[in-house]
Amino acid sequence: GYRDSVQIIRITPPLRAEIHLYAWAKSNPICADVINYEWKIINKNVSDWTDFSTAIWSDIDIGSATNDKGGVDSTKNLAYGYNGTNNDPQYGLAPPAVGVIIKEATGHLNSQYKSDYASVLKCGVGDCPRDSLEVYRVMHGLRTDGSDIINPITNTVTRYRYSGDPVGGSGWNDSTQGDRYVFIGSMIGDVQSLDTVDFKTISIIKKGSSNLASVTDLKHCVDFVISVNN
């Protein structure tokens with residue numbers, strides 16, 4: 001009854017990242033309920049970072065987590081969650097929608113000004129990464145097993161899961177309800193020693209006249225808040 005086992009351990013040197021976070025909000029913004037986050041990620045290593053990525057992973061429970069849906073809008077650098085019904089056990093009628101926006105990813109040699117991937121993760125069905133390798137794959141717009149995400153409507157490869165319009169019912173939309181996470185970020189590339197990545201994100205919540213109207217209001221506000229500076 002004895003069996004030898006071999007465990008392979010991936011050993012990597014310390015990243016040596018120094019991270020500064022500044023969070024702020026305007027007292028009377030055009031669209032209320034917005035928090036801006038400005039992350040400065042400094043490479044304090046003597047070596048360059050190779051193929052560096054940044055991302056926000058958010059558990060977007062909207063009242064009860066059992067009836068949520070999620071979506072993305074690549075044109076607005078937005079990943080969002082909304083209620084699958086118009087009556088949430090905690091919020092009641094017309095529950096809000098919550099979004100995470102990539103505002104900027106700059107300050108490094110390979111500067112990019114947009115998100116490169118955005119997914120809605122259903123952790124109960126194996127979409128959520130369980131280790132560093134699976135996180136790395138998801139941070140490159142892939143599935144946890146390293147395969148491409150295929151849009152079932154267009155049958156094409158995409159980095160944006162559920163990129164349809166749930167209000168109008170067009171495109172690829174989340175078809176079931178349950179606990180959802182949003183995962184959105186930018187593939188930075190190589191970051192030299194002592195170089196700084198400026199990663200700016202926005203969290204926003206909007207409540208409309210219905211669960212789907214909340215999505216419309218959320219997207220409408222993105223165009224306003226993305227241009228606001230401190």
Practice problem: Assess the side chains of T85 and N87: does a donor N or O sit below 3.5 Å from an acceptor N or O? | Solution: no

Exercise. Under the side chain to side chain donor-acceptor pair (under 3.5 Å) rule, what do R159 and S163 come out as? Steps first, then yes or no, please.
Key: CA-CA 9 Å; R159 290 196 180 106; S163 56; over 6 Å; no

Quiz item: Is V197 close to D195 at the side-chain level, that is, under 4.5 Å between some pair of heavy atoms?
Solution: no

Exercise. Run the numbers on K219 and D73 for salt bridge (Lys or Arg N to Asp or Glu O under 4.0 Å), then give the verdict.
Key: CA-CA 9 Å; K219 291 185 177 184; D73 189 329; 3.7 Å; yes

Quiz prompt | Beyond-backbone contact of R130 with T144, side-chain heavy atoms, under 4.5 angstrom | solution = no

Self-check item: Flag, side chain of D190 to backbone of D51, donor-acceptor distance under 3.5 Å
Solution: yes

Exercise. Give the intermediate values and the outcome of salt bridge (Lys or Arg N to Asp or Glu O under 4.0 Å) for residues K122 and D179.
Key: CA-CA 7 Å; K122 303 178 183 180; D179 196 9; over 6 Å; no

Quiz prompt | Criterion salt bridge (Lys or Arg N to Asp or Glu O under 4.0 Å) on D174 and R180, from CA distance to verdict | solution = CA-CA 10 Å; D174 196 351; R180 297 291 184 269; 2.7 Å; yes

Practice problem: Using distance alone, with no hydrogens and no angle criterion, decide if N43 and W49 have a side-chain donor and acceptor under 3.5 Å apart. | Solution: yes

Quiz item: Between the side chain of S64 and the main-chain N/O of P89, is any donor-acceptor distance below 3.5 Å?
Solution: no

Quiz item: Between the side chain of D48 and the main-chain N/O of T50, is any donor-acceptor distance below 3.5 Å?
Solution: no

Practice problem: Say whether I102 and I19 are linked into one hydrophobic cluster, either directly or through other cluster members, by side-chain heavy-atom distances under 4.5 angstrom. | Solution: yes

Quiz item: With the 4.5 Å side-chain cut-off for hydrophobic clustering, are L15 and V191 part of the same group?
Solution: yes

Practice problem: For the pair H140 and Y136, name the ring-plane relationship: parallel under 30°, tilted 30 to 60°, perpendicular over 60°. | Solution: tilted

Exercise. Determine yes or no for a side-chain-to-main-chain donor-acceptor pair under 3.5 angstrom, with D116 supplying the side chain and M187 the backbone.
Key: yes

